[in-house]
Amino acid sequence: MTTAPAGPDPTMQAIGHAIAEGRAGDTTSARQKLLSLWSVIGATGDPLHRCSLAHCLADLYDDPAQALAWDVRALDAADAVTDQRVQEHHAGLHIAGFYPSLHLNLADNYRRLGSFEAATEHINAARTHAPSLPQDPYGDLLRGAIQEVAEAIALRDRSRRASAPGSTA
């Protein structure tokens, strides 16, 4: 049985505000806010907070090595998140739905760094988890990105994808 959260989760709200700021173009401020939150959450804090923050923070770095470090943290945290915890935040979510995006980002960063074997492992994992994606525009977006990254890996293309999330500054 899933219980509704007692109230808004201030950490998830702060992450959401920082994401909105980053999408509005102020990636430096968004990164700083997320890094400050990370120092409070810590490497052993709530895995949902760690996963969400790290996954979003990775998108705020143009440098694939910096993004990779945060994407690895996000995947590690996801492995510690339970469906119960995810559903405390949002009743319709399942942790399985996080994995296609997490592996996609790892594959894309490894590809950009020229580590094509690791990129292939993660794009295959993204494909394996893709059936967990919803049949909606978000799921379609991720399925398309998985295909796009797979093609770039096959071509040994290390360039940044025009459709990739993240900062352009």
Side-chain angles (χ1 to χ4, degrees), residues 1-110 112-113 118 121-123 125-126 128-134 136-139 141-142 145-146 149 164-169:
M1 179 173 173
T2 304
T3 58
D9 181 330
T11 301
M12 292 301 283
Q13 287 181 322
I15 293 168
H17 290 302
I19 292 166
E21 193 172 334
R23 287 182 181 155
D26 195 350
T27 56
T28 301
S29 177
R31 266 195 310 263
Q32 188 159 13
K33 287 177 181 176
L34 290 174
L35 289 169
S36 292
L37 269 175
W38 182 264
S39 70
V40 172
I41 296 168
T44 59
D46 180 328
L48 178 61
H49 293 162
R50 290 185 290 125
C51 179
S52 300
L53 186 149
H55 187 53
C56 295
L57 185 55
D59 286 345
L60 296 173
Y61 286 99
D62 284 328
D63 177 2
Q66 289 178 303
L68 178 64
W70 288 104
D71 282 327
V72 167
R73 288 179 181 111
L75 182 62
D76 286 344
D79 289 340
V81 178
T82 64
D83 268 338
Q84 178 181 348
R85 175 62 185 105
V86 171
Q87 291 169 6
E88 287 171 1
H89 174 65
H90 188 282
L93 292 179
H94 296 276
I95 191 60
F98 288 42
Y99 285 97
S101 180
L102 294 169
H103 284 289
L104 167 66
N105 286 4
L106 286 162
D108 202 29
N109 287 320
Y110 281 122
R112 289 187 60 214
L113 291 167
E121 288 175 26
H122 283 284
I123 206 63
T128 298
H129 290 285
S132 299
L133 291 170
D136 64 7
Y138 173 74
L141 175 77
L142 283 180
I146 290 168
V149 170
S167 135
T168 57

### Message
So which atom in P100 and which in A96 form the shortest heavy-atom distance, rounded to 0.1 Å?
### Response
CD-O, 3.4 Å
### Spacing of CD1 belonging to I95 relative to NE2 belonging to H129, to within rounding of 0.5 Å
10.5 Å
### Check: A43 main-chain N/O paired with R50 side-chain donor or acceptor under 3.5 Å
yes
### Task
Please report the shortest heavy-atom distance between W70 and A58, naming the atom on each side.
CB-CB, 3.7 Å
#### Entry: R85 and D9: CA distance, side-chain angles, deciding distance, salt bridge (Lys or Arg N to Asp or Glu O under 4.0 Å) verdict
CA-CA 12 Å; R85 175 62 185 105; D9 181 330; 3.2 Å; yes
### Note, D59 side chain near I19 side chain (heavy atom, < 4.5 Å)
no
### Message
As an exercise, state the distance from NE2 of H103 to CD1 of I123, rounded to the nearest 0.5 Å.
### Response
10.5 Å
### Query
Atom CG of D136 and atom CG of L142: how far apart are they, to the nearest 0.5 Å?
9.0 Å
### Query
Nearest heavy-atom pair of A74 and A54: which atoms, and what distance?
N-CB, 3.6 Å
### Query
If we ignore angles and hydrogens, is there a donor and acceptor under 3.5 Å between the side chains of Q87 and H94?
yes
### Task
Would you mind reporting whether F98 and C51 have side-chain heavy atoms less than 4.5 Å apart?
yes
### Query
Does the side chain of I41 reach to within under 4.5 Å of the side chain of D46, using non-hydrogen atoms?
no
### Task
Identify the residue among L104, D108, L141 that makes a side chain to side chain contact (heavy atoms under 4.5 Å, CB included) with I146.
L104
### Task
Indicate yes or no: at least one non-hydrogen side-chain atom of L102 is less than 4.5 angstrom from one of D71.
no
### 4.5 Å side-chain heavy-atom contact, Y99 and L75
yes
### Task
Flag the pair L37 / K33 as yes when at least one side-chain heavy-atom distance between them is below 4.5 Å, and no otherwise.
no
#### Entry: Side-chain touch L34/I15, heavy atoms, less than 4.5 angstrom
yes
### Query
Between atom CG of L57 and atom OG of S52, what is the distance when rounded to the nearest 0.5 Å?
12.0 Å
### Query
Taking atom CG of L68 and atom CZ of R73, what is their separation to the nearest 0.5 Å?
10.0 Å
#### Entry: Between CE on residue M12 and CD on residue E88, distance to nearest 0.5 Å
12.0 Å
### Query
Are any side-chain N or O atoms of S39 and backbone N or O atoms of S36, one a donor and one an acceptor, separated by less than 3.5 Å?
yes
### Task
Would you tell me whether H122 and N109 have side-chain atoms, one donor and one acceptor, within less than 3.5 Å of each other?
no
### Query
Is it true that a side-chain atom of R31 and a backbone atom of L60 form a donor plus acceptor pair closer than 3.5 Å?
yes
### Shortest non-hydrogen separation from Q13 to P8 and the atoms involved
NE2-CB, 3.3 Å
